[in-house]
Amino acid sequence: MGRPVSLARLWGMVRAGLPHACRIVAGVQPDRNKPWFLLARLGWIGPIKTHGTPSAKESLIYSYQRSFNGFAAKLTDEEAARLSEMEGVISVMPNHMLQLHTTRSWEFMGLGQGNHGGSEGDVIVALLDTGKDMGVWPEADSFNDKGFGPPPAKWNGTCQGQNFTCNNKLIGARFYNSMNYYDITDFKSPRDSIGHGTHTASTAAGREVTGASYLGLAQGVARGGVPNARIAVYKVCWSFGCALADILAGFDDAIADAGNSGPWPVSVSNFAPWSLTVAASTIDRRFVAQVVLGNGQVFTGMSVNSFDLNGTSYPLIWGGDAVNYTIGSNPDISSYCVTGAMNSYIVKGKIVFCETLWDGSGILMANGVGTIMADSVFSDFAFNYPLPATLISTEDGVRVLDYIRTSDNPIATILVTDPWKDITAPMVVSFSSRGPSPFSPDILKPDITAPGVDILAAWSPVAPPSIYWDDTRSVKYNIISGTSMSCPHASGAAALVKANHPNWSPAAIKSALMTTATVIDPRKHEDLEFAYGSGQIDPLAAVNPGLVFDASEVDYINFLCKQGYNTTTLRLVTGDNSVCNSTEPGRAWDLNYPSFSLYVEDGQQIAGVFTRTVTNVGAADSTYTAIMHMPPTINVSVEPSTLSFSALGETKSFTVKVTGPTISQQPIISGAITWQSGVYSVRTPLVVYNYIPGAPYNLDSAQTLSMTEKKPTFRGSSVYHKNGIFGRN
């Protein structure tokens, strides 16, 4: 079990600098004899000293000073329980292991080549990607520093790790592993072995690279949102996941390295009003790989297929007719082409029709030519495979199977992927999480959407280029999907705004991104704003929003007081003499947020009053008029309905009153309030919906269905499991 820690001594090590209470976050370390606990003190600024007994020193892992104050320690369950009862300790929770979550996308949002911010070189984009194995591949062309001068004077960071070199573009890199455990695939450095971190970093701030493609597909100029900005990478994730203690340590260092100006605020929990919650949506390009049958029928499938069969047709069989009886398979299992379930004597040299999505390994290992899969669940984004493959709809799969069973000599071919223009874009993709927020229902979430589907960006050359984990091919760029792809688009856009307005607060930047967003077609989304928030990011428009909804510490203090904090617990957060004037729970209608969310309990009337303040950042002499776009059942009044400004930085406040009939079982009703001047249009969505505070909002129908479903779900190792696309099944 190891030597026990003297809690009195451990607590004494930090108590001298801990006049306020602490928070403990605890978690279990896999395959070790002691759990890990994270102790986070709120409100104290000084560093934690590591004097004390050797056992106490060994138990202390991290000292946090900037993102919040506290430390991480390694304790047993019993030690943690006793420590949690000590004076000044307010809570205990696990040190959770967390998992995940371009040539066209920036142009689709209106940010073409040459659209750079005024001071991009002074902006540092700090990346703490909580996908599997963050890291970065420093030698990637997207991080070349040709033409870059030295880092900004405010830079205080470092470049850490063996065989890893930073430059004037990639100016810093650190790695964190409180578990001190490394898989054979992990680099003990900030280097990326899975591709995810390289992809997100280059999407946010990679420099322009001509001729980028995925094995010849989607060829063009790859770039990030702010190609001239600097990048600092904080690797907090590994093959086994992302420890909360490491994430917090990364945040702490990122704030210090960037001269305390801080990176764009991103929270592990995406519900906080000070975080930007980003949905994922499509761009106007789809990757289509068609199937041509011997009878002339053509079916459209989704796939990033770079394999060229040169139009040659091959024998086509159904997976259920290629059973590997030796291992105990049967036609039902083989119909899904599960790895190992296929008879290689039958599959060899053929294209196989499979009745579900798989990674292609079942056919590849059985020496098949290619695979046609049928699955309508994943119909709005494409995967890449280790052999010629495409994914068609379940309905088209029925037709393919009918052809196989009625033809004397069924044959087929799979065409190379052809990029198609998608006129329906942007649409929020199926895997993107929906609102409302179960923790702060008065705050509309998500805030915004950004491209997250079929995104081309830089890749680690040692990472598999397809969803088959053992694919040994090497690529410099890859095409993948996920909210992990939409988030760096939002980060890049935020950095662009910051480059043009260095003194703007994070709240002002967030407001600019939201109020200038492109309106999404509500007819395509039954979830409405719970799918896309304010709309799709428009980076160039966000640089000049006209008005911003800024938020200060006072706004968030008021919000926290209404969420159940009292003066004592509030001061643990603020570290000053802040006061909760009232501890009575209340609605967050006066938080200066650039959207409006009104939840109503079943059987209650629609009624709410919101107060907001806007700051003029557009024209000095300007007048804005409120325009309402609401369903006829809801009445909205704005007072005053006209705002006149005579100077930049001037603020004006207004009140929004929302009334309507009694509603029940109403998922969402939505509209918007737009402040219009002759030049600017500042739009804020307004939603009304039924909700019971404390409702679970996590009922998993898919889990219930899986109990009776025979159909297997693809769960092979891939980056998609780490960003949650497969994890929801």
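All figures in this text were calculated on a predicted structure; none of them were measured in a lab.
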Task: Closest heavy-atom pair and its distance - Thr651, Phe645 - done: C-CE2, 4.2 Å
Task: Value rounded to 0.5 Å, distance of CG in Asn478 from NE2 in His199 - done: 6.0 Å
Open item on the list: So Ile557 and Leu560, do their side chains get closer than 4.5 Å, heavy atoms only?
Closed with: no
Open item on the list: Any non-hydrogen side-chain atom of Ile520 less than 4.5 Å from a side-chain atom of Pro426?
Closed with: yes
TODO: State, with a plain yes or no, whether a side-chain heavy atom of Val614 is found less than 4.5 Å away from one of Val682.
DONE: no
TODO: From the options Asn558, Thr613, Thr611, select the one residue that forms a side-chain hydrogen bond (donor to acceptor under 3.5 Å, both in side chains) with Asp590.
DONE: Asn558
- [ ] Considering non-hydrogen atoms only, spot the tightest contact between Met514 and Pro594 and give its length.
- [x] SD-CG, 3.5 Å
TODO: Walk me through it: do Phe530 and Tyr532 pass the test ring pair (Phe, Tyr, Trp, His ring centres under 6.0 Å)?
DONE: CA-CA 6 Å; Phe530 288 157; Tyr532 47 72; 9.9 Å; no
Open item on the list: Measuring from atom OG of Ser281 to atom CD1 of Ile448, what distance do you get when rounded to the nearest 0.5 angstrom?
Closed with: 9.5 Å
Task: Separation between OG1 of Thr516 and CG of Asn544, rounded to the nearest 0.5 Å - done: 9.5 Å
TODO: Please examine the side chains of Tyr624 and Lys652, heavy atoms only from C-beta on, and report whether any two atoms are closer than 4.5 Å.
DONE: no
TODO: Have a look at Phe610 and tell me which of Phe654, Phe549, Phe596 forms a ring pair (Phe, Tyr, Trp, His ring centres under 6.0 Å) with it.
DONE: Phe596
Open item on the list: To check you understand the geometry: which heavy-atom pair defines the closest contact between Arg612 and Asn592, and what is its length?
Closed with: CA-OD1, 3.4 Å
Task: Check: Phe431 ring centroid to Phe381 ring centroid under 6.0 Å - done: yes
TODO: Return the orientation label for the His501 and Trp504 ring planes: parallel under 30°, perpendicular over 60°, tilted otherwise.
DONE: parallel
TODO: Taking the side chain as every heavy atom from C-beta outward, state whether Asp141 and Tyr477 have any atom pair closer than 4.5 Å.
DONE: yes
Open item on the list: I'd like to know if the side chain of Ser511 reaches the main chain of Ala507, judged simply by a donor and an acceptor atom lying under 3.5 Å from each other, with no hydrogens or angles considered.
Closed with: no
Task: NZ/NE/NH1/NH2 to OD/OE distance under 4.0 Å, Asp284 and Arg104 - done: yes
Task: CA sep, side-chain torsions, deciding dist, call: Ser105, Ile455, side-chain contact (heavy atoms from CB on, under 4.5 Å) - done: CA-CA 7 Å; Ser105 55; Ile455 304 301; 3.9 Å; yes
Task: Side-chain donor-acceptor contact under 3.5 Å, Tyr593 with Asp555 - done: no
Task: Inter-residue atom distance Arg230.CZ - Glu120.CD, 0.5 Å rounding - done: 10.5 Å
Open item on the list: Nearest 0.5 Å, please: how far is CG in Asn144 from NZ in Lys169?
Closed with: 10.0 Å
- [ ] State, with a plain yes or no, whether a side-chain heavy atom of Ser622 is found less than 4.5 Å away from one of Asn616.
- [x] yes
Open item on the list: Checking Asp192 against Thr198: is there a side-chain donor and acceptor pair closer than 3.5 Å?
Closed with: yes
Task: Straight-line distance of Lys524 NZ to Thr282 OG1, nearest 0.5 Å - done: 8.0 Å
Open item on the list: With no hydrogens and no angle check, just 3.5 Å: does a side-chain donor-acceptor pair link Thr424 and Asp422?
Closed with: yes
Task: Min side-chain heavy-atom separation Phe175-Phe187 under 4.5 Å - done: no
Open item on the list: Before you tell me yes or no, could you show the steps for Thr625 and Gln676 under side-chain contact (heavy atoms from CB on, under 4.5 Å), namely the whole-Å CA-CA distance, both residues' side-chain angles and the distance that decides it to 0.1 Å?
Closed with: CA-CA 5 Å; Thr625 302; Gln676 291 186 339; 5.6 Å; no
TODO: Salt-bridge test for Arg223 and Glu107: reply yes if a basic N is under 4.0 Å from a carboxylate O, no otherwise.
DONE: no
Open item on the list: Check whether Trp137 forms a cation-pi arrangement with Arg191 (NZ or CZ under 6.0 Å from the six-membered ring centre, at most 45° off the ring normal).
Closed with: yes
Open item on the list: When you measure from the side chain of Lys476 to the backbone of Ala140, do you find a donor-acceptor pair of N or O atoms at a distance under 3.5 Å?
Closed with: no
- [ ] Might you point out which heavy atoms bring Leu456 and Ala218 nearest each other, and give the distance in Å?
- [x] CD2-O, 3.5 Å
Open item on the list: Before you tell me yes or no, could you show the steps for Leu547 and Tyr680 under side-chain contact (heavy atoms from CB on, under 4.5 Å), namely the whole-Å CA-CA distance, both residues' side-chain angles and the distance that decides it to 0.1 Å?
Closed with: CA-CA 8 Å; Leu547 303 174; Tyr680 301 101; over 6 Å; no
Open item on the list: If only side-chain N and O atoms count, and only distance matters, is there a donor-acceptor pair under 3.5 Å linking Ser142 with Ser202?
Closed with: no
Open item on the list: Would the distance check show the side chain of Thr449 and the main-chain N or O of Ala279 forming a donor-acceptor pair, the cut-off being under 3.5 Å?
Closed with: yes
Task: Any donor-acceptor pair under 3.5 Å from Arg174 side chain to Gly157 backbone - done: no
Open item on the list: So which atom in Leu648 and which in Gly618 form the shortest heavy-atom distance, rounded to 0.1 Å?
Closed with: CD2-O, 2.9 Å
Open item on the list: Determine whether a donor-acceptor pair (N or O, by modelled atom type, separation under 3.5 Å) exists between the side chain of Ser432 and the backbone of Ala280.
Closed with: yes
- [ ] Of all the heavy-atom pairs spanning Ala450 and Ile537, show the shortest one and how long it is.
- [x] CB-CD1, 4.3 Å
Open item on the list: I'd like to check Val687 versus Ser597 (side-chain heavy atoms, cut-off strictly below 4.5 Å). Are they in contact?
Closed with: yes
Open item on the list: side-chain contact (heavy atoms from CB on, under 4.5 Å) for Leu591 and Asp442? Distances and angles first, verdict last.
Closed with: CA-CA 9 Å; Leu591 180 63; Asp442 286 326; over 6 Å; no
Task: Thr203 side chain vs His489 backbone, donor-acceptor pair below 3.5 Å - done: no
Task: Pair Asp550, Ser505: side-chain N/O donor-acceptor within cut-off below 3.5 Å - done: yes
TODO: Ignoring hydrogens and angles, state whether a donor on the side chain of Asp380 or Ser430 is under 3.5 Å from an acceptor on the partner side chain.
DONE: yes
Open item on the list: Classify the ring geometry of Tyr234 against Tyr176: parallel below 30°, tilted from 30° to 60°, perpendicular beyond 60°.
Closed with: parallel
